[in-house]
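Below: the structure, in C-alpha cells.
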Amino acid sequence: MQGFGTTIFAEMSALATRTGAINLGQGFPDTDGPPEVLAAAQAAIAEGHNQYPPGRGIAELRTAIAEHQRQWYGIELDPDTEVLVTAGATEAIAASLLALCEPGDEVIALEPTYDSYAASIALAGARLVPVRLHFPEHRVDLDAVRAAVTDRTRLLLLNSPHNPTGHVLGEDELRGLAAIAVEHDLLVVSDEVYEHLVFDEHRHIPIATLPGMAERTLTISSGGKTFSTTGWKIGWLSGPAELVTAATTTKQFLTFVNGGPFQYGIAAGLALPPERIHALTVQLQAQRDLLVDGLSRLGLTLAPSEGTYFVTADVAALGATDSYEFCRTLPERCGVVAIPSRVFHVDPTGVETLVRFAFCKRPEVVAEAVSRLQRW
Ligand code: PMP
Ligand code: GLN
C-alpha cells in the first residue's frame with residue numbers, strides 16, 4: 001500500500017475540525033434520515049440482536065434488497081444466493097475486486113475514480129486502467145473505453161451516479177459500455193451508491209438491466225447514502241450466484257460479518273414507500289441549487305450536477321493553479337473545506353484546477369459557505 005497514505009477525505013475532514021471550517025469536503029449529510037430507519041436499529045439493539053449476524057446478512061435485509069431491485073428496476077434476485085450484505089459499499093468494492101481479479105489483470109475505470117477503487121485494485125494485485133471523463137460534461141468516451149481493452153482486461157468498474165463529477169450515465173453511454181463488455185466478455189462491477197440521489201430529468205439505470213448484462217454484473221449500493229446513515233456502513237452487492245459467492249468467500253476474511261442491528265434499520269428503510277425516498281432527493285436538489293447558484297455567481301465554470309452529493313467547479317477563475325494547494329489553504333482563508341479533484345486521477349494533467357464541493361448540508365450551512373466564499 002505504499003503511496004496510498006491518508007485518504008483525502010480523512011485529511012480534509014481533519015482540516016475542517018482543526019480550523020472550524022464548514023465541511024463541504026467529505027460527503028456526509030448533517031441531518032438524520034427517516035426516523036423509522038433510526039428506530040428500527042434502536043429496537044434491534046433493545047431486542048438483543050447484538051451478536052454476529054449471518055454471513056450473507058440478515059434475511060430481512062436480503063429480502064428487502066431483492067424486493068427493492070424488483071420494485072425499482074424489475075431485477076429479479078434470489079435473496080439467499082444473489083445478495084450479500086457488506087460493510088458499506090467500500091467492502092463490496094474491495095470484496096468484488098479481490099474475488100474477481102488475479103494479479104496482473106487490468107481493471108478499466110472511469111476517471112476521476114472514487115479513491116477506494118485504486119486502493120482495492122492494488123490490494124488485488126491488478127492494474128487500474130483509467131479512462132478520462134472530460135470536464136465539464138463528463139460523458140463517457142466509448143472509443144476511449146474500447147481502446148483501453150486488452151487481452152488482460154478482466155472487468156469494467158463503473159460508477160453512476162458518478163462521484164466526484166455528479167454525472168449520471170445516460171442510456172446511450174450505458175448501452176455502449178454494455179456492448180463493449182459483451183463483445184470482450186468482461187465482468188462489470190457497478191457502483192450505484194447514489195442510485196436515489198438523481199436530479200431534474202435524469203434517471204438512474206442499473207447497467208444490469210441491459211441485455212446480456214445481468215449474468216456478468218455485480219451491482220453495489222449502500223444504505224449510507226439513501227438513508228443518510230453513512231456511519232452505519234451497511235452496503236450490499238447483488239448479481240449472479242457464482243459471482244456473489246466469490247465475493248462472499250472474500251468478505252468472510254475481510255470483516256466476516258458486520259453491523260447486525262443496523263441491518264434491521266436499513267431493511268426498514270428499503271421498505272419505506274418510494275415517495276419517502278424521493279422526498280429526500282427533492283430536499284437535496286434544493287441544496288444543490290443553492291450551492292450551484294452561489295458558485296456560478298462567483299464566476300466559476302461548473303460541471304452539471306445531475307446526481308450525487310457533489311458539484312465540480314473550476315477554480316482557475318479565482319486565480320488558483322493547483323486545486324490541492326487551493327483546498328489546503330481555503331479553510332484558513334475563508335472557512336470552507338472542499339476536495340481537490342486531482343487526487344482522483346492517476347495523472348492529473350488537465351484537471352489541476354478542479355475542485356469538488358459537497359452540498360449534502362442544511363440549507364443555512366450551504367448558504368453560509370457560499371457567503372464566506374463570496375466575501376473572500
Ligand atoms: N462508492 C462511492 C462512489 C462513494 O461515494 C462512496 C462513499 N461515500 C462509497 C462507494 C462507499 O460507500 P460506503 O460508505 O457505504 O462504504
Ligand atoms: N464517499 C464519501 C465522499 O466521497 C466519503 C467516504 C469516505 O470518507 N471514505 O466524500
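None of the values given here were measured: they were computed from a predicted structure. Atoms within each ligand, like the ligands themselves, are counted from 1 in listed order.
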If you measure from [atom1] on [X] to [atom2] on [Y], what distance do you get to the nearest 0.5 Å?
| X | Y | atom1 | atom2 | result |
| --- | --- | --- | --- | --- |
| Cys360 | Leu197 | SG | CG | 9.0 Å |
| Leu291 | Leu24 | CG | CG | 6.5 Å |
| Phe253 | Leu98 | CZ | CG | 12.5 Å |

Any luck finding a side-chain donor-acceptor pair between [X] and [Y] under 3.5 Å?
| X | Y | value |
| --- | --- | --- |
| Arg56 | Thr245 | yes |
| Glu173 | His167 | yes |
| Glu195 | Tyr73 | yes |

Where on [X] is there a heavy atom closer than 4.0 Å to ligand 1, on the side chain, on the backbone, on both, or on neither?
| X | answer |
| --- | --- |
| Lys225 | side chain |
| Asn163 | side chain |
| Ile93 | side chain |

Measuring from atom 2 (C) of ligand 2, which candidate in Ala358, Gly27, Ser13 has the nearest non-hydrogen atom?
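Among Ala358, Gly27, Ser13, the closest heavy atom to atom 2 (C) of ligand 2 belongs to Gly27.
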Does at least one non-hydrogen atom of [X] fall below 4.0 angstrom from an atom of ligand 1?
| X | value |
| --- | --- |
| His162 | no |
| Val193 | yes |
| Ile234 | no |
| Phe28 | no |

Could you tell me whether [X] approaches ligand 2 through its side chain, its backbone, both or neither, with non-hydrogen atoms closer than 4.0 Å?
| X | value |
| --- | --- |
| Lys233 | neither |
| Lys225 | side chain |
| Phe28 | neither |
| Phe310 | side chain |
| Thr230 | neither |

Looking at [atom], what's its closest protein heavy atom, distance included?
| atom | answer |
| --- | --- |
| atom 11 (C) of ligand 1 | Thr90 OG1, 3.3 Å |
| atom 15 (O) of ligand 1 | Ser222 OG, 2.6 Å |
| atom 2 (C) of ligand 1 | Asp191 OD2, 3.3 Å |

In terms of atom number and element, which parts of ligand 2 are under 4.0 angstrom from non-hydrogen atoms of Gln26?
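Under 4.0 Å from Gln26, ligand 2 has these atoms: 5 (C), 7 (C), 8 (O), 10 (O).
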Do the numbers put Lys225 on top of the ring of Phe28, so that NZ or CZ is under 6.0 Å from the six-membered ring centre and no more than 45° off the axis?
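No cation-pi geometry.
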Please confirm whether Asn163 approaches ligand 2 to less than 4.0 Å, judged on its heavy atoms.
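Yes; Asn163 lies near enough to ligand 2 that a heavy-atom distance drops under 4.0 Å.
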Non-hydrogen atom of Tyr114 closer than 4.0 Å to ligand 2:
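Yes, Tyr114 has heavy atoms under 4.0 Å from ligand 2.
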For the residue pair Phe262 and Trp232, does the interplanar ring angle fall in the parallel (under 30°), tilted (30 to 60°) or perpendicular (over 60°) class?
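If you compare the ring of Phe262 with that of Trp232, the planes turn out parallel.
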How are the rings of His68 and His196 set relative to one another: parallel (under 30°), tilted (30 to 60°) or perpendicular (over 60°)?
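His68 and His196: perpendicular rings.
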Less than 3.5 Å between some nitrogen or oxygen of [X] and one of ligand 1, yes or no?
| X | result |
| --- | --- |
| Thr230 | no |
| Asn159 | no |
| Tyr117 | no |
| Ala89 | yes |

Any sub-3.5 Å donor-acceptor pair from Asp314's side-chain atoms to Thr301's backbone N or O?
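No, Asp314 side chain to Thr301 backbone: no donor-acceptor pair under 3.5 Å.
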Identify whether the distance between the nearest side-chain nitrogen and carboxylate oxygen of [X] and [Y] falls below 4.0 Å.
| X | Y | result |
| --- | --- | --- |
| Arg127 | Asp105 | no |
| Asp80 | Arg62 | yes |
| Asp143 | Arg146 | yes |

Distance-only N or O hit between ligand 2 and Arg356, under 3.5 Å:
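Looking only at distances, the answer is yes, because the N/O contact criterion of under 3.5 Å is met.
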For [X], counting its heavy atoms only, list the atoms of ligand 1 lying under 4.0 Å from any of them.
| X | answer |
| --- | --- |
| Gly88 | 13 (P), 15 (O), 16 (O) |
| Lys233 | 13 (P), 14 (O), 16 (O) |
| Tyr194 | 3 (C), 4 (C), 5 (O), 8 (N) |

Is there a salt bridge (Lys or Arg N to Asp or Glu O under 4.0 Å) between Asp200 and Arg288 once you walk through the steps?
CA-CA 11 Å; Asp200 308 313; Arg288 176 206 61 173; 2.8 Å; yes
If you count heavy atoms of other groups shown closer than 6.0 angstrom to CD of Gln51, is the number above 12?
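Check fails, neighbour count at 12 or below.
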Taking atom CD of Glu183 as the centre, report whether more than 12 heavy atoms of other residues, nucleotides or ligands fall under 6.0 Å from it.
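Yes, because the 6.0 Å sphere around CD of Glu183 holds more than 12 heavy atoms from other groups.
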